[in-house]
Amino acid sequence: VQLQASGGGVVQSGASLKLSCAASGRTALSHDVGWFRQAHGKEREFVGVWNWSGNSAHYAEFVKGRFTISRDKAKNVVYLQMNSLNPEDTAIYFCAAAPRHMVFLHREEIDRPWRYNSWGQGTLVTVSS
């Protein structure tokens, strides 16, 4: 599966932004899709994941209530809706695909980058104060 993230930009603190992760390939519909971010000088950080089999999302503790992951099955797109952005959310945001049922089988490891085997190019989000 090939992934392409888009939708990043420069916004002011308190604003919202919606990122898209377009998937293509023969098995595009059959993956759990995660979002990660990496701020300058920091390690890659788990944001959340769309659980294909459960038709639901799981989030890192720090984004609960502000970010929402959803999927448009017909378009093969997974979205990351981000609200109430603050400067600490400034980072490159990546989407990544994991094998089907990864979330179900490895619930305690959904935040580990190595559980995801296909990564798209990131999209930069900059939040100014």
Side-chain angles (χ1 to χ4, degrees):
V1 63
Q2 293 78 46
L3 302 173
Q4 179 63 55
S6 62
V10 180
V11 296
Q12 291 188 332
S13 185
S16 298
L17 205 57
K18 188 173 185 178
L19 306 183
S20 300
C21 177
S24 61
R26 185 170 58 87
T27 59
L29 293 178
S30 304
H31 295 266
D32 293 338
V33 176
W35 285 95
F36 289 77
R37 68 185 188 182
Q38 188 165 17
H40 181 67
K42 296 187 177 181
E43 293 186 353
R44 194 163 295 190
E45 178 180 46
F46 172 75
V47 175
V49 61
W50 176 263
N51 177 4
W52 180 89
S53 58
N55 201 33
S56 61
H58 304 271
Y59 302 93
E61 197 63 36
F62 70 88
V63 301
K64 282 186 178 180
R66 295 194 302 131
F67 294 3
T68 302
I69 297 174
S70 61
R71 184 186 73 172
D72 186 325
K73 188 175 180 180
K75 296 181 179 179
N76 286 347
V77 177
V78 175
Y79 299 101
L80 176 64
Q81 174 68 47
M82 304 185 293
N83 299 326
S84 302
L85 287 164
N86 59 64
E88 289 71 38
D89 295 315
T90 294
I92 299 174
Y93 284 72
F94 300 88
C95 58
R100 192 195 306 187
H101 302 315
M102 184 278 291
V103 172
F104 175 75
L105 296 173
H106 306 288
R107 178 64 179 87
E108 71 285 358
E109 295 179 339
I110 61 174
D111 60 344
R112 314 296 166 84
W114 47 264
R115 276 292 176 196
Y116 299 78
N117 51 19
S118 182
W119 292 78
Q121 290 185 333
T123 184
L124 177 61
V125 173
T126 303
V127 185
S128 60
S129 58

If you group Ile, Leu, Val, Met, Phe, Trp and Tyr by side-chain heavy-atom gaps below 4.5 Å, do L80 and V77 land in one group? no
If I compare all heavy atoms of L3 with all of A97, which pair ends up nearest, and what's the gap? CD1-N, 3.3 Å
Roughly how far, to the nearest 0.5 Å, is OG of S20 from CD of Q4? 10.5 Å
Side-chain donor/acceptor pairs under 3.5 Å, residues 121-129, sequence neighbours excluded:
from: T123; atom 1: OG1; to: G8; atom 2: N; distance (Å): 2.9
from: S128; atom 1: OG; to: V11; atom 2: O; distance (Å): 3.3

Between M102 and N117, is any pair of side-chain heavy atoms under 4.5 Å apart? no
Derivation and outcome, side-chain contact (heavy atoms from CB on, under 4.5 Å), residues R71 and N55: CA-CA 9 Å; R71 184 186 73 172; N55 201 33; 4.2 Å; yes
Please report the C-alpha distance between T68 and Y59 in whole Å, then the side-chain angles of each, then the deciding distance to 0.1 Å, and finally whether the side-chain contact (heavy atoms from CB on, under 4.5 Å) criterion is met. CA-CA 8 Å; T68 302; Y59 302 93; 3.7 Å; yes
Going only through I, L, V, M, F, W and Y residues with side-chain contacts under 4.5 Å, is there a path from Y79 to L17? no
Y93 meets the ring-ring contact (aromatic ring centres under 6.0 Å, His included) criterion, sequence neighbours left out, with none
Residues at least two apart in sequence or cross-chain that pass side-chain hydrogen bond (donor to acceptor under 3.5 Å, both in side chains) with S84, listed by chain then number, are none
What verdict does the side-chain hydrogen bond (donor to acceptor under 3.5 Å, both in side chains) test give for S53 and N51, after you've listed the backbone C-alpha separation in whole Å, the side-chain angles of each residue and the deciding distance to 0.1 Å? CA-CA 6 Å; S53 58; N51 177 4; 3.1 Å; yes
Using a 6.0 Å cut-off, check whether atom CZ of F62 has over 12 heavy atoms from anything other than its own residue. yes
Cluster overlap L19 with I69, hydrophobic side-chain contacts below 4.5 Å: yes
Can I get a per-line list of side-chain donor-acceptor pairs under 3.5 Å for residues 41-49, giving both atom names and the distance, sequence neighbours left out?
from: R44; atom 1: NE; to: Q38; atom 2: OE1; distance (Å): 3.4
from: R44; atom 1: NH2; to: Q38; atom 2: OE1; distance (Å): 3.4
from: E45; atom 1: OE1; to: R37; atom 2: NE; distance (Å): 2.8
from: E45; atom 1: OE1; to: R37; atom 2: NH2; distance (Å): 3.4

At their closest point, which heavy atom of F94 faces which heavy atom of G120, and how far apart are they? CD2-O, 3.6 Å
Which residues share a side-chain hydrogen bond (donor to acceptor under 3.5 Å, both in side chains) with N83, sequence neighbours left out: S16, Q81
Please check: side-chain N/O of D32 versus main-chain N/O of W52, any donor-acceptor pairing under 3.5 Å? yes
For residues 107-114, run the donor-acceptor check on the side chains, cut-off 3.5 Å, and write out each pair with its distance to 0.1 Å, sequence neighbours left out.
from: R107; atom 1: NH2; to: H58; atom 2: ND1; distance (Å): 3.3
from: E109; atom 1: OE1; to: R115; atom 2: NE; distance (Å): 2.8
from: E109; atom 1: OE1; to: R115; atom 2: NH2; distance (Å): 2.6

Using the rule that Ile, Leu, Val, Met, Phe, Trp and Tyr join whenever any side-chain heavy atoms are under 4.5 Å apart, tell me whether V103 and V63 fall into a single cluster. no
Can we call the ring centroids of W35 and F67 under 6.0 Å apart? no
Taking H31 for the side chain and A98 for the main chain, is one N or O donor matched with an acceptor at less than 3.5 Å? yes
Tell me whether V33 is reachable from F36 by hopping between hydrophobic residues (I, L, V, M, F, W, Y) whose side-chain heavy atoms are closer than 4.5 Å. no
